[in-house]
J.: 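Take this structure, written in structure tokens, and hold onto it; I'll ask about it next.
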Amino acid sequence: MRRPRRARRRRRSRVIAGLVSRTAIISITRFMNQGLVVISPILLVRLLTVEEFGRYREFLLYAGLLTTICAFGINNSLLYFIPSRPHSVRQMVRQAVIMTFGTSMLVVGVTVLADYLSNGAVLGAVALPVALYVLLFVNLDFWEFYWLAQKRPVPVFAYTTGRLIARILVVVTAATIWRDVMPIIWSLIALEAARMTVSFIAWQRAGRSIDPADRGAEDACWREQFRYCLPVGLALVLVTLNKSLGNLFVTKTLGVVALAHYAIGTHIQPVIGVLRNSVSDAVLPELAALKNAKGEGALALWRRSTVVSMILLTAAGVVLFEFAHTFVVTLFSPSYEPAVLIFQIYLLVLVREVFDFGVALRAVNKTAPIVTGSLFAILLNLLLLVTVLPIWGLPAAALAFVISRWTEGVVLGRSTMRAYNIGIDDLARWGDLARVALAALVASIVFYGSFWIDHFGLVGVVLGAAVFMCLFVVLLVAFRVPEAVAMLGRLRKTESLPAKP
């Protein structure tokens with residue numbers, strides 16, 4: 001009787017450790033993939049005026065929103081279908097590519113037509129560059145999800161690292177030479193055209209290596225994949241639109257200079273998305289592969305993922321809040337000091353992002369509440385922006401988004417409890433989450449006062465963050481948080497392995 005229990009505990013420990021390690025690798029690669037958004041502004045604010053940087057952010061705003069609508073979460077579906085249909089991998093990718101091409105052509109065509117009919121009120125002077133960039137960026141960009149579905153994060157790391165380096169070099173070089181937005185945009189378009197060409201050649205070569213006998217075994221399931229993508233894609237579009245509403249209102253009502261400040265203040269948004277989505281994308285293939293994915297097994301794994309999210313997001317949030325002023329002023333110059341308050345307000349989203357209810361609902365094929373919750377959030381955000389933004393200005397835009405996201409979380413939490421027929425006590429491992437929060441609170445004592453900045457200057461940011469992280473990890477292990485203990489045990493086991501001859 002003891003052996004089966006020990007075996008189950010060992011399996012659970014391996015799953016937790018594997019989940020944490022894959023999440024860490026995926027987080028790193030996602031940070032790489034967001035490099036153009038996260039890193040390039042640090043360089044561009046020194047090469048462009050505030051107004052020119054605002055124009056650049058306006059282009060990225062339109063392109064990012066259209067990219068999400070065009071992609072529609074189709075490539076994300078590979079995380080579910082490849083593990084659940086291991087003999088139809090190429091067919092699943094083929095369907096994803098064709099559907100993405102169709103949605104991108106439709107969305108871009110409708111947007112350009114609307115811009116033409118409204119005399120440039122939608123996209124303005126960047127209509128053509130945005131259309132070309134979005135079409136090139138979205139299509140044949142399935143590799144990340146293709147490798148993640150096969151639990152191969154190393155190729156993802158290589159792919160995103162190479163893409164990051166290329167994009168930053170192109171953007172910074174163009175900005176250094178021309179000091180103007182349009183050459184930067186056209187350079188990015190040329191780079192995406194080259195990336196799409198290489199992707200097409202690579203996929204064609206990969207197809208020739210497949211045994212013809214295996215191709216006949218692949219089953220087409222267009223309707224099933226489309227039905228899966230429809231609610232998930234709608235939810236992703238609504239969430240992205242909700243995030244972009246503040247930027248859209250600011251640029252249309254206050255101008256590109258205000259947009260530049262707001263963009264820097266919400267610069268943390270990609271970091272939050274990367275950390276949360278890394279956990280979600282690591283756990284979803286596990287749920288799809290579970291035979292009991294429609295029962296307690298899926299819920300238990302999801303609850304463990306929330307603890308991992310809590311560890312990552314809490315650690316990042318404490319450090320970023322403490323050094324918010326230093327980060328903004330040092331990285332982006334004193335011209336962007338108005339963004340500090342926006343930055344700190346936006347960090348309140350971190351606590352909400354611990355709970356990715358969408359993954360839990362998708363595991364039991366209950367996707368309609370995801371769309372409903374996202375729609376409710378966007379309507380609330382819109383109402384707050386219309387009523388509060390004219391009174392309080394830029395900080396109100398960030399606060400409106402925070403309130404809408406928290407409200408959406410409440411709605412989705414209730415839907416999750418109904419889907420699994422559980423109460424709030426069983427929704428999460430509240431004890432472990434509380435221990436993580438307590439560990440972060442106690443470890444944050446090292447930030448009392450302004451010791452690190454006063455005595456060490458900018459180096460104090462690194463030293464203070466390192467001391468906090470070390471104390472935080474020690475406290476997690478001392479408080480017996482299972483995810484931290486499992487990862488520490490895995491590291492010890494790796495260190496104790498004998499070196500290979």
Side-chain angles (χ1 to χ4, degrees), residues 30-31 33-45 48 50-51 53-68 236 238-277 313 316-317 319-333 335-353 374 377-378 380-382 384-385 388-389 392-409:
R30 290 289 172 81
F31 279 123
N33 202 30
Q34 291 287 343
L36 187 66
V37 177
V38 176
I39 298 175
S40 61
I42 300 174
L43 304 174
L44 290 178
V45 295
L48 302 175
V50 176
E51 184 177 357
F53 180 70
R55 291 177 57 203
Y56 173 70
R57 293 298 306 189
E58 186 179 23
F59 166 79
L60 290 184
L61 170 63
Y62 298 146
L65 183 56
L66 286 178
T67 296
T68 302
L236 287 174
L238 291 174
V239 169
T240 303
L241 183 59
N242 191 28
K243 292 178 180 179
S244 304
L245 266 181
N247 292 275
L248 289 171
F249 265 77
V250 168
T251 189
K252 296 297 184 182
T253 59
L254 302 179
V256 292
V257 174
L259 176 62
H261 290 149
Y262 187 77
I264 297 303
T266 57
H267 198 63
I268 189 63
Q269 184 181 103
V271 177
I272 297 174
V274 164
L275 291 175
R276 206 285 297 274
N277 292 336
L313 295 174
V319 174
L320 290 171
F321 187 88
E322 171 63 24
F323 297 113
H325 186 274
T326 305
F327 279 137
V328 171
V329 173
T330 303
L331 295 178
F332 304 105
S333 81
S335 300
Y336 293 90
E337 190 169 4
V340 174
L341 178 59
I342 303 170
F343 186 90
Q344 291 177 320
I345 293 174
Y346 205 84
L347 286 173
L348 295 173
V349 179
L350 283 168
V351 182
R352 156 67 184 93
E353 298 298 340
S374 300
I378 197 171
L380 178 60
N381 191 10
L382 182 62
L384 291 173
L385 285 171
V388 181
L389 183 62
W392 290 349
L394 286 180
L399 187 61
F401 176 73
V402 170
I403 294 174
S404 68
R405 287 292 290 162
W406 272 85
T407 307
E408 179 202 29

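Predicted model only: the values in this text are computed from it and were never measured.
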J.: How long is the gap from OG1 on Thr240 to CG on Leu245, to the nearest 0.5 Å?
T.: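 That separation rounds to 11.0 Å.
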
J.: Which heavy-atom pair separates Leu350 from Gly317 by the least distance, and what is that distance?
T.: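 Nearest heavy atoms, Leu350 then Gly317: CD1-CA, 3.2 Å.
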
J.: Given side chains that start at C-beta, do those of Phe53 and Tyr336 come closer than 4.5 Å, heavy atoms only?
T.: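 Yes, close enough: below the 4.5 Å cut-off.
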
J.: Any idea which heavy atoms bring Ala400 and Asn381 closest together, and the distance?
T.: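 It is CB-OD1, 3.4 Å.
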
J.: Can you list the residues that meet the salt bridge (charged side-chain N to carboxylate O under 4.0 Å, His left out) rule with Glu408, with sequence neighbours excluded?
T.: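 Glu408: salt bridge (charged side-chain N to carboxylate O under 4.0 Å, His left out) contacts with Arg352, Arg405.
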
J.: Distance from Asn242 atom CG to Ser404 atom OG, nearest 0.5 Å?
T.: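 So the gap between those two atoms works out to 4.0 Å.
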
J.: Ignoring hydrogens, what is the shortest heavy-atom contact between Tyr262 and Ala398? Give both atom names and the distance.
T.: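 Shortest heavy-atom contact: OH-N, 3.7 Å.
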
J.: With sequence neighbours excluded, what pairs up with Phe401 under the ring-ring contact (aromatic ring centres under 6.0 Å, His included) test?
T.: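 Counting only residues at least two positions away or on another chain, Phe401 forms a ring-ring contact (aromatic ring centres under 6.0 Å, His included) with Tyr346.
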
J.: Taking the side chain as every heavy atom from C-beta outward, state whether Leu65 and Asn247 have any atom pair closer than 4.5 Å.
T.: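 With C-beta onward as the side chain, the pair stays apart.
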
J.: Atom CG of Leu60 and atom OG of Ser244: how far apart are they, to the nearest 0.5 Å?
T.: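 Nearest 0.5 Å value for the CG-OG distance: 11.0 Å.
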
J.: So, do Leu61 and Thr251 sit near enough that their side-chain heavy atoms are less than 4.5 Å apart?
T.: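 A side-chain contact under 4.5 Å exists here.
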
J.: Report the C-alpha distance between Leu389 and Thr253 in whole Å, list the side-chain angles of each, state the deciding distance to 0.1 Å, and finish with yes or no for side-chain contact (heavy atoms from CB on, under 4.5 Å).
T.: CA-CA 10 Å; Leu389 183 62; Thr253 59; 4.2 Å; yes

J.: Atom CH2 in Trp406, atom CD in Glu353: separation rounded to 0.5 Å?
T.: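 Separation between the atoms: 10.5 Å.
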
J.: May I ask you to test the Leu394-Leu254 pair for a side-chain heavy-atom distance under 4.5 Å?
T.: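 SC-SC contact between Leu394 and Leu254 confirmed.
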
J.: Show the nearest heavy-atom pair for residues Leu259 and Gly54, with the distance to one decimal.
T.: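 Looks like CD2-O, 3.7 Å.
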
J.: Please enumerate all residues that pass side chain to side chain contact (heavy atoms under 4.5 Å, CB included) together with Leu331, with sequence neighbours excluded.
T.: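 Listed in chain order: Ile42, Phe327.
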
J.: Find out whether Phe249 and Leu382 are in side-chain contact, i.e. whether some heavy atom of one side chain is under 4.5 Å from a heavy atom of the other.
T.: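 When only atoms from C-beta onward are counted, Leu382 and Phe249 do touch, with a gap below 4.5 Å.
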
J.: Enter the distance from Thr67:OG1 to Tyr62:OH here, rounded to the nearest 0.5 Å.
T.: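 Atom-to-atom, Thr67:OG1 and Tyr62:OH are 14.5 Å apart.
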
J.: Nearest 0.5 angstrom please: Leu241 CG to Ile378 CD1, how far?
T.: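 Rounded to the nearest 0.5 Å, the CG-CD1 separation comes to 3.0 Å.
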
J.: Side chains of Glu337 and His261: do they bring a donor and an acceptor to under 3.5 Å?
T.: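 No, no side-chain donor-acceptor contact under 3.5 Å.
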
J.: So do the side chains of Tyr56 and Val256 get within less than 4.5 Å of each other, counting heavy atoms only?
T.: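 With C-beta onward as the side chain, the pair stays apart.
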
